[in-house]
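In this text, all values refer to a predicted model and were calculated from it rather than measured experimentally. Atom set for the values below is all heavy atoms of this structure, side chains included, hydrogens, waters and symmetry mates excluded.
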Amino acid sequence: MNRILVIEDEVDIADLLALNLKQAGFVPILAHDGITGLALARSGSPELILLDLNLPGMDGVCVFKALRLDPLTLRTPVIMLTARAQPEDRVAGLGLGADDYLTKPFSIKELLLRIKAVLKRREAHSPRSPLCAGPLRFDPTALQCYADNAPLDLTITEYRLLQHLCEHAGHVCDRSELLRSVWGHSDDTHSRTLDTHVKRLRVKLGRHARRLETARGTGYLLRTTPLLPGDKSVTQIRLPDAR
Ligand code: CA
């Protein structure tokens with residue numbers, strides 16, 4: 001069942017949303033302010049977040065930016081809810097990278113349709129099923145990566161980085177693309193961090209370190225075709241969902 005985090009300070013609206021989400025088969029998680037919402041987004045791993053923009057203290061836009069900076073919540077879809085009705089607000093909301101945007105008052109029926117559409121879209125793009133690339137295998141539910149079936153001790157950031165490279169195995173991933181995908185933005189402040197993480201990944205990859213190639217001045221590339229004798233490596237395939 002899909003957990004949906006509702007960050008909404010108006011208790012009546014939050015309760016109404018929770019009731020309707022429950023009736024539609026979702027598991028609602030409620031937060032009445034941004035700080036609590038952020039904490040629950042990290043700890044409750046919701047499949048989707050409904051975010052009111054007009055919140056006391058930390059407002060919705062700040063909450064959204066914080067969500068996108070955290071590797072744990074970076075990919076969680078967000079539907080923004082707001083009382084602001086100006087078309088430019090909608091454009092701004094979507095411009096920030098929200099998955100959808102609803103203006104209050106909205107019908108619950110429409111909200112549920114939008115939620116289902118966003119989840120469906122996300123399902124099609126996100127690797128919920130195990131990803132295999134050469135000797136590497138990813139378990140997205142446990143956020144665990146295996147090399148030759150032995151678990152690798154990766155941080156979440158290293159996991160995301162390696163996963164992105166695997167999803168594009170055999171192709172150069174340029175630096176800004178990696179920074180955007182793993183850190184949420186592509187400014188230069190994280191540029192050295194990327195190189196540091198690649199260095200650490202190579203150490204952890206051990207005998208497979210050579211697969212992680214540097215494309216000088218451009219970015220990085222992961223090879224999943226055989227490099228070593230005895231490798232049963234194959235090109236990238238995505239297995240059907242085992243569950
Ligand atoms: Ca509000």
Side-chain angles (χ1 to χ4, degrees), residues 38 41-43 45-47 64-78 96-97 99 122-228 231 233-239:
L38 273 181
R42 292 185 185 118
S43 63
S45 39
E47 273 75 30
F64 181 78
K65 287 180 177 165
L67 287 169
R68 287 297 174 259
L69 282 177
D70 187 327
L72 270 177
T73 56
L74 175 65
R75 288 159 194 256
T76 311
V78 173
L96 282 170
D99 294 78
R122 200 41 77 110
E123 187 78 11
H125 291 288
S126 81
R128 276 284 161 196
S129 52
L131 169 72
C132 287
L136 300 175
R137 178 167 59 85
F138 293 81
D139 176 352
T141 312
L143 294 179
Q144 178 67 60
C145 175
Y146 300 83
D148 300 322
N149 290 322
L152 293 178
D153 185 20
L154 303 182
T155 64
I156 286 169
T157 308
E158 288 162 356
Y159 176 93
R160 300 253 192 244
L161 179 59
L162 190 56
Q163 179 182 267
H164 186 99
L165 288 162
C166 269
E167 284 170 349
H168 302 85
H171 299 276
V172 174
C173 297
D174 70 39
R175 302 179 65 86
S176 61
E177 169 193 342
L178 288 167
L179 288 167
R180 213 170 30 246
S181 167
V182 180
W183 282 270
H185 49 87
S186 57
D187 61 47
D188 280 347
T189 51
H190 282 89
S191 206
R192 286 187 63 135
T193 314
L194 170 62
D195 300 323
T196 312
H197 277 78
V198 167
K199 240 180 243 170
R200 277 196 224 127
L201 259 184
R202 283 189 176 129
V203 173
K204 293 185 179 182
L205 282 169
R207 65 191 283 264
H208 296 297
R210 277 192 305 155
R211 293 177 177 281
L212 216 175
E213 295 175 11
T214 304
R216 207 156 290 285
T218 318
Y220 292 98
L221 160 84
L222 190 83
R223 295 228 182 259
T224 54
T225 44
L227 290 177
L228 305 162
D231 261 1
S233 303
V234 289
T235 48
Q236 182 195 341
I237 48 163
R238 197 183 290 289
L239 297 179

Check: Any ion pair linking R180 and D174 (charged N to carboxylate O, less than 4.0 Å)?
Finding: no
Check: Taking all non-hydrogen atoms of both residues, which atom of A41 and which atom of P46 are closest, and how far apart?
Finding: O-CD, 3.4 Å
Margin query: Is the shortest side-chain heavy-atom distance between R207 and D148 below 4.5 Å?
Written below: yes
Notebook entry, point to check: Nearest heavy-atom pair of F138 and C166: which atoms, and what distance?
Noted result: CE1-SG, 3.3 Å
Margin query: Please report the interatomic distance CG(L161) to CD1(I156), rounded to the nearest 0.5 Å.
Written below: 13.5 Å
Note to self: Quick one: does any side-chain atom of T73 pair with a main-chain N or O of T76 as donor and acceptor, under 3.5 Å?
What the structure shows: no
Next item on the list: May I ask you to check whether Y220 and D195 show a side-chain donor-acceptor distance below 3.5 Å?
Entry: yes
Notebook entry, point to check: Out of E167, H168, H164, which residue meets the side chain to side chain donor-acceptor pair (under 3.5 Å) rule with S181?
Noted result: H164
Checklist line | Heavy-atom check, side chain of L143 versus side chain of R160, under 4.5 Å | finding: yes
Checklist line | Nearest-0.5 Å distance, CG of residue L179 to NE2 of residue H197 | finding: 11.0 Å
Check: Could you state the interatomic distance from CD (E158) to CG (D153), rounded to the nearest 0.5 Å?
Finding: 8.0 Å
Item checked: Nearest-0.5 Å distance, CG of residue L178 to CH2 of residue W183 -> 7.5 Å
Item checked: Nearest heavy-atom neighbours spanning L154 and C145 -> CD1-CB, 3.9 Å
Next item on the list: Quick one: do V203 and K199 satisfy side chain to side chain contact (heavy atoms under 4.5 Å, CB included)? Show the steps, please.
Entry: CA-CA 7 Å; V203 173; K199 240 180 243 170; 6.0 Å; no
Notebook entry, point to check: Got T193 and T157 here, is their nearest side-chain heavy-atom distance under 4.5 Å?
Noted result: no
Checklist line | Polar side-chain atom of R223 near backbone of R211 as donor-acceptor pair, under 3.5 Å | finding: no
Check: Is Q144 reaching over with its side chain to a backbone N or O of L152, donor-acceptor style, under 3.5 angstrom?
Finding: yes
Check: Would you say L162 and L205 make side-chain contact, with heavy atoms under 4.5 Å?
Finding: yes
Check: Is R68 paired with D99 through a side-chain N to carboxylate O contact shorter than 4.0 Å?
Finding: yes
Checklist line | Exercise: identify the closest heavy-atom pair between G170 and L221 | finding: C-CD1, 3.2 Å
Checklist line | Nearest-0.5 Å distance that lies between atom CG in N149 and atom CG in L136 | finding: 10.5 Å
